[in-house]
Each structure stands twice: as C-alpha cells, then as structure tokens.
Amino acid sequence: MKNKTVLITGAAGFLGSHLCDRFILDGFKVIGMDNFITGDKGNINHLLDHPNFEFIKHDVTEFISIKGTLDYILHFASPASPIDYLKIPIQTLKVGSLGTHNLLGLAKAKGARILIASTSEVYGDPLVHPQTEDYYGNVNTIGPRGVYDEAKRFQESITMAYNRFHDLETRIARIFNTYGPRMRLNDGRVIPAFMGQALRGENLTVFGDGSQTRSFCYVDDQVEGIYRLLFSNYNLPVNIGNPNEISILEFAEEIMKLTNTKQRIIFKDLPQNDPLQRQPDISLAKKILNWSPKVERSEGMEKTFKFFKSLSKDKLFKKEHKDFSNHIKR
C-alpha cells in the first residue's frame with residue numbers, strides 16, 4: 001500500500017485521527033482534512049512531521065481540490081455529539097449534504113473508492129431491536145436531533161445514487177456508539193460525561209430513569225471494522241458496533257466502580273427524541289467482513305479512563321470546550 005493515497009476528512013476528530021494512525025501504520029500516504037469546527041489539532045500533532053502525512057485545513061462544504069492521484073476517501077467530517085449539532089444545526093446539515101456531494105464528486109473525478117461514515121442515528125428511536133441494516137428507522141425529521149439524523153440519511157441516499165448512476169465504488173459504515181482515547185470531554189456523550197463528572201467529584205447525571213440502553217464499541221475495534229469494510233466488495237450499509245448492551249443506569253454504576261468514586265447518581269428529564277434502545281445486529285459484518293469486536297468493555301473503559309485522568313486540570317474543569325462563534329452567521 002506504499003503507493004496508495006487516502007484522504008480522510010474529519011482527520012482531527014476522535015475517529016478520524018485514529019483512522020489516520022491506522023493508515024499511516026499500514027504504509028499509506030494520508031491526506032488529513034479538517035476545519036477544526038469540532039476537531040482538535042492535538043489529536044494529530046504527532047503526525048504533522050510524518051513524511052507520509054499531509055494536513056489541509058479546509059471546510060468540506062466548499063469546493064475541494066486535491067493534487068495528484070487519490071485512491072481512497074473516508075468521509076468522517078461531521079459534528080457527532082448532540083451538544084455540538086444542536087449548537088451548529090445548519091453546519092451539521094451542510095457537511096452531510098454539501099460536504100458529501102463535494103467528496104463524491106472528487107471520488108468520481110479521481111476514480112477513488114469512497115467510504116462514508118453513517119450512524120446508528122439513521123434508525124432514530126427504533127421500534128425493532130436489535131437493529132438490522134434492512135430496518136428503515138423511526139425518525140422525527142423536524143425534531144432537534146433531526147439535523148444530524150437526516151443529514152446522515154441524505155448522505156446514504158446520495159452515496160447510493162452515485163454508486164448506481166455513476167458506478168462509483170462506495171462503502172457505507174453505520175457506526176454505533178464508539179469510545180476511547182481522544183474523545184472530547186464534556187461533548188454531551190455519556191462516557192466522557194460520566195468520567196468527567198467522576199474525576200471532578202460531581203454527581204453522575206442520568207437522563208430519564210436510566211433504563212434506556214446503549215452498546216459501546218472500543219475505537220480499535222471500530223477502526224478495524226471500517227478498514228475491512230473499505231477493502232470489501234460490499235456497497236450497501238453495514239452496522240459496525242458492539243452488540244453487548246447495557247442500561248445507562250447500570251453503566252453509571254460501572255463507572256463509579258471503575259473510578260472508585262462515592263458520588264450519587266442524580267436523574268434529569270430525558271431529552272426530546274433521545275433513543276430508548278440502541279444495539280446493533282452485526283450478523284452482516286461477521287459474514288461479509290469476518291469482523292466482530294474483540295475488546296471487552298472493562299478493558300476499553302480502563303484505557304479510556306486512563307486517558308481522561310491524564311488531562312490537565314484546566315481541561316478537566318473547563319465547561320465549554322468549543323467556541324462556534326466564528327462558524328455561525330446570523
């Protein structure tokens with residue numbers, strides 16, 4: 001793969017940066033692209049001087065020009081946390097629509113294979129459990145979370161249109177909850193929220209009664225699944241996640257035990273359209289990719305907690321980690 005070039009958008013994000021690491025490790029030339037609206041330059045600082053890594057600061061919703069050959073594109077640019085996409089809803093919709101359109105056009109011009117990062121959110125608040133790829137979902141198109149859900153559903157639609165109309169080589173990963181080092185503290189997702197609260201000595205906040213369920217996939221497993229999907233011959237959506245399901249209340253108790261903290265669990269109202277169940281059926285990934293997650297939740301959570309413990313006190317106690325003022329036009 002030493003002569004192959006891959007473009008990874010959202011390269012400074014949590015998943016994007018880990019993908020950059022994997023492709024560099026396997027000998028690819030990697031072009032990372034990010035505008036840092038939610039990404040963190042610190043996630044890729046270790047790559048900036050690598051001879052096989054090139055970084056381009058760019059907003060993918062604007063025209064994209066890449067010199068030379070391009071073999072693969074992985075489109076991972078998008079806000080992914082509810083706190084972010086509720087603050088920047090228009091940008092969330094644009095990166096899933098205009099950004100995806102630009103990258104599909106680039107893939108067509110370069111003759112590159114493209115993999116898009118879709119999400120379990122396309123299933124909405126599912127009425128089928130666990131969720132299989134042929135389930136169409138239960139989504140509120142005009143609810144506050146709809147900006148993310150519908151951006152990703154449109155992203156899948158236009159990707160398949162390019163595949164069918166232009167014979168473009170496309171892959172679609174439906175990514176379920178993923179965790180690990182480089183997650184952003186206080187981004188609204190349950191793992192950094194619980195671990196941040198535990199480290200600050202705060203009570204752990206559970207929304208609703210805590211009976212809603214999630215399943216968590218460690219980042220190394222997720223990257224492996226995405227990697228295998230890219231190099232497979234399958235062009236329809238594939239669930240990539242860990243089917244080991246747990247309730248949020250049980251998970252809060254696990255975090256308290258892991259962090260050896262004595263805080264209480266407090267309950268708040270469940271946000272609108274927050275899904276009550278989330279569990280992937282990964283039968284297709286097992287069959288087509290010969291993939292299933294390997295990292296146990298206990299091992300992955302220990303590694304993740306070690307990462308959060310390493311943060312400075314300034315980062316740990318900082319309430320707002322992103323300023324979107326430069327990206328918002330009113």
So, are [X] and [Y] salt-bridged, with charged N and O less than 4.0 Å apart?
X: K152; Y: E156; result: no
X: E254; Y: R297; result: yes
X: K303; Y: E299; result: yes
X: R182; Y: D40; result: no

Going hydrophobic residue to hydrophobic residue with side-chain gaps under 4.5 angstrom, can you get from [X] over to [Y]?
X: L311; Y: F317; value: yes
X: V139; Y: L93; value: no
X: F53; Y: F36; value: yes
X: L258; Y: F308; value: yes
X: I175; Y: M183; value: yes

[X] side chain vs [Y] backbone, donor-acceptor pair below 3.5 Å:
X: T9; Y: A77; answer: yes
X: H50; Y: N52; answer: yes
X: K309; Y: L199; answer: no
X: T132; Y: P130; answer: no
X: H18; Y: P181; answer: yes
X: Y135; Y: H129; answer: no
X: R200; Y: L316; answer: yes
X: N203; Y: Q263; answer: no
X: N186; Y: A193; answer: no
X: S17; Y: I44; answer: no

Closest contact, heavy atoms only, [X] versus [Y]:
X: E133; Y: P237; result: CG-O, 3.3 Å
X: R228; Y: L289; result: NH1-O, 3.1 Å
X: V6; Y: L70; result: C-CD1, 4.2 Å
X: A173; Y: I240; result: CB-CG1, 4.4 Å
X: I83; Y: D187; result: CB-O, 3.6 Å
X: E245; Y: T213; result: OE2-OG1, 2.5 Å

[atom1]-[atom2] distance between [X] and [Y], expressed to the nearest 0.5 angstrom:
X: T261; Y: M195; atom1: OG1; atom2: CE; value: 10.5 Å
X: L204; Y: I266; atom1: CG; atom2: CD1; value: 8.5 Å
X: L74; Y: R171; atom1: CG; atom2: CZ; value: 11.5 Å
X: F28; Y: I8; atom1: CZ; atom2: CD1; value: 9.5 Å
X: R113; Y: N235; atom1: CZ; atom2: CG; value: 10.0 Å
X: I31; Y: M33; atom1: CD1; atom2: CE; value: 7.5 Å

What verdict does the side-chain contact (heavy atoms from CB on, under 4.5 Å) test give for Q197 and T205, after you've listed the backbone C-alpha separation in whole Å, the side-chain angles of each residue and the deciding distance to 0.1 Å? CA-CA 8 Å; Q197 288 173 330; T205 304; 3.0 Å; yes
So do [Y] and [X] actually touch side chain to side chain, heavy atoms under 4.5 Å?
X: L98; Y: V60; result: no
X: P79; Y: Q91; result: no
X: K286; Y: W291; result: no
X: F55; Y: L48; result: yes
X: I265; Y: L249; result: yes
X: F194; Y: I248; result: yes
X: I56; Y: I66; result: yes
X: I114; Y: L104; result: yes

So with a 6.0 Å cut-off around [atom1] of [X], is the heavy-atom count from everything else above 12?
X: K108; atom1: NZ; result: no
X: H58; atom1: NE2; result: yes
X: Y136; atom1: OH; result: no

Residues [X] and [Y]: side-chain donor-acceptor under 3.5 angstrom:
X: S120; Y: R278; value: yes
X: H46; Y: D21; value: yes
X: E150; Y: T141; value: no
X: S298; Y: E296; value: no

Between Y179 and F14, is the ring centre distance below 6.0 Å? no
Please evaluate residues F207 and F267 with respect to the criterion ring pair (Phe, Tyr, Trp, His ring centres under 6.0 Å), reporting the C-alpha separation (whole Å), side-chain torsions for both, the decisive distance (0.1 Å), and the verdict. CA-CA 6 Å; F207 293 98; F267 297 87; over 10 Å; no
Please identify which of these residues, N43, T38, D84, meets the side chain to side chain donor-acceptor pair (under 3.5 Å) condition with R184. D84
Identified side chain to side chain donor-acceptor pair (under 3.5 Å) counterpart of Y123 within the set N138, N239, D149: N239
For V219 and L15, what are the C-alpha separation, side-chain angles and deciding distance, and is it a side-chain contact (heavy atoms from CB on, under 4.5 Å)? CA-CA 7 Å; V219 64; L15 259 179; 4.0 Å; yes
Cation over ring face, R22 and Y227, 6.0 Å, 45°: yes
Go through it in stages, so that I can follow the logic: the residues are V223 and F23, the test is side-chain contact (heavy atoms from CB on, under 4.5 Å), and I'd like the CA-CA distance, side-chain angles, deciding distance and then a yes or no. CA-CA 10 Å; V223 166; F23 280 88; over 6 Å; no
Evaluate the side chain to side chain donor-acceptor pair (under 3.5 Å) criterion for residues T61 and D59: first the C-alpha distance (whole Å), next the side-chain angles of each, then the deciding distance (0.1 Å), finally the verdict. CA-CA 5 Å; T61 66; D59 181 348; 2.9 Å; yes
With side-chain contact (heavy atoms from CB on, under 4.5 Å) as the test, would you mind laying out the steps for T170 and L115 before giving the verdict? CA-CA 6 Å; T170 61; L115 181 148; over 6 Å; no
Ring pair (Phe, Tyr, Trp, His ring centres under 6.0 Å), that's the test. Do F176 and F216 meet it? Break it down for me. CA-CA 7 Å; F176 282 68; F216 302 107; over 10 Å; no
